[in-house]
Amino acid sequence: MMFNLKEFSQSEIEKIIEEENLPSFRGKQLIQWIYKKFASSIGEITEWPKSLRLSFSQKYYIGNIKLIERKISSDGTEKFLWELEDKEKIESVIIPDKERLTLCISSQVGCPLNCRFCLTGKIGFKRNLRAWEIVDQFIQVSRLITPKDSKEIKITNIVFMGMGEPLLNFDNVVQALWRFKKLIEFSPRRITVSTAGIIPAIKELPYKAPPVKLALSLNATNQKTRSFLMPINKKYPLHELLKTLREYPLKPGQRITFEYVMLKGINSSEEDALRLSQILKGIPSKINLIPFNPWEGAEFKKPDEPEILKFQEILASKSYSVFIRKSKGIDILAACGQLKALYT
Ligand code: SAH
């Protein structure tokens, strides 16, 4: 039986080192090599004597999600397709924007939510990602983009906005968040968990996870339209969701990000903008308007530019911070809601 070292938490690794009768500094080195130097095999741990590397490799290995394809968009966005140990596939995206380099990661293979406008939902749900498969998207991308011998990690932000609903894979996502914080030493404040609105998990998150940012995919301003677009809204209705967010513990200055996919003739009217300003009252918020990204066979269109601008203007006039998110990577199907990892 071979054990993947990335499956283990810090304390489990410490235990293994003890059981193998190795001094505890070997555990620290191991963690350093996996999470800081991104070693992809035990053989790479040159700080260890060859004999130790060999004996340790009899029982343990460093697992890696495998790069299958890397596509670069004309705007600099890159999409990575990975194969997992069981041959399932997922995608991650990196989005450069001035000083920032945002990594968008997947939390599930496929997604069970089946939001009407989102291509990932069309694959259906295959399985949850393990914590290490979530973290490994960061490790592998970092390896690929960081030139050899450079210690600098270039990714500045992480968003859980790839394939899947992170809060339906709660334990693995929370575990992954702790590893980002403790092992990779990536600041939780630069990590955003985005959800379609899984109420019980939203309530639990601040007590279980390091202090990450929360984003909520709202996409509609009334119960009927939201249920039409996002079936999960029937289980966790809009008014309860808004109540949960109103009670969400935020520190001064912190805000919840609301994502709003704009769909022509569905949710982009002036009434919608006004209603949105009403329902978000009392929630420290930032609003991101995302004009619909098309995919083949989609039943929606994005609204015309003036309509989008009017929507923004109405919210701005009510003192909301509201941004139109220029979608990136459309030409390589790397934009929001376009990830489907070659599943047909
Ligand atoms: N399940 C989580 C994480 C996925 S995030 C969530 O719903 O938040 C993906 C984001 O892209 C969501 O905000 C979703 O509303 C948005 N999205 C999905 N399909 C889209 C499309 N075709 N065009 C624009 N945005 C889309």
Side-chain angles (χ1 to χ4, degrees), residues 77 79 90-93 95 102-125 128-129 134 137 157-170 172-173 176 191-199 201-202 205 212-221 225-233 235-236 238 241 245 256-264 266-268 276 285-303 308 323-341:
T77 302
K79 185 166 84 168
I90 53 161
E91 289 174 323
S92 322
V93 177
I95 308 136
T102 301
L103 173 67
C104 176
I105 55 179
S106 296
S107 56
Q108 297 181 315
V109 184
C111 184
L113 294 183
N114 209 15
C115 299
R116 256 176 193 271
F117 47 81
C118 179
L119 186 56
T120 303
K122 306 294 165 207
I123 315 169
F125 173 64
N128 280 331
L129 290 185
I134 297 172
Q137 296 169 62
N157 298 73
I158 300 173
V159 296
F160 281 73
M161 296 186 189
M163 301 166 73
E165 168 52 50
L167 295 190
L168 286 181
N169 185 12
F170 194 82
N172 289 308
V173 165
I191 301 180
T192 300
V193 173
S194 180
T195 178
I198 314 298
I199 292 177
I202 294 175
L205 190 70
V212 294
K213 289 190 195 163
L214 183 68
L216 194 286
S217 297
L218 191 62
N219 302 334
T221 57
T225 310
R226 195 165 193 272
S227 294
F228 166 73
L229 294 173
M230 307 173 71
I232 190 69
N233 190 62
K235 184 163 181 190
Y236 300 119
L238 181 59
L241 181 57
L245 296 174
I256 295 173
T257 298
F258 289 88
E259 295 154 280
Y260 196 94
V261 183
M262 301 201 72
L263 307 164
K264 186 174 182 165
I266 306 278
N267 66 2
S268 57
L276 184 53
S285 43
K286 172 186 151 178
I287 303 166
N288 282 333
L289 304 175
I290 318 171
F292 175 66
N293 297 315
W295 37 272
E296 207 183 300
E299 61 191 294
F300 302 108
K301 284 198 166 59
K302 69 171 173 196
I308 298 173
F323 305 89
I324 299 170
R325 286 280 290 271
K326 293 272 179 294
S327 283
K328 296 211 169 189
I330 293 194
D331 54 339
I332 54 165
L333 282 184
C336 299
Q338 291 186 319
L339 301 185
K340 75 161 188 173

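Both counts, for ligands and for their atoms, begin at 1 and track the order of listing. Along the sequence shown, residues carry numbers from 1. Everything numeric in this text was worked out from a predicted model, so none of it was measured.
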Close side-chain approach of Leu241 and Tyr236, heavy atoms under 4.5 Å: no

Below 4.0 Å from any atom of ligand 1, which residues have a heavy atom? Give them in chain and number order, please. Phe117, Cys118, Phe160, Met161, Gly162, Gly164, Glu165, Pro166, Ser194, Thr195, Ala196, Ser217, Asn219, Glu259, Val261, Ile290, Phe292, Asn293, Trp295, Cys336, Gly337

Which residue in the set Asn219, Asn267, Asn293 passes side-chain contact (heavy atoms from CB on, under 4.5 Å) when paired with Phe117? Asn219

Any sub-3.5 Å donor-acceptor pair from Glu259's side-chain atoms to Leu218's backbone N or O? no

If you draw the axis of the six-membered ring of Phe323, does the NZ or CZ of Lys286 fall within 45° of it and under 6.0 Å from the ring centre? yes

Tabulate below the donor-acceptor pairs under 3.5 Å that side-chain atoms of residues 107-115 make, not counting sequence neighbours, or state none.
residue : atom : partner : partner atom : Å
Gln108  : OE1  : Glu165  : N            : 2.9
Gln108  : NE2  : Asn128  : OD1          : 2.8

Whether the Glu91 and Ser106 side chains hold a donor-acceptor pair (N or O, under 3.5 Å, no angle test) is what I'd like checked. no

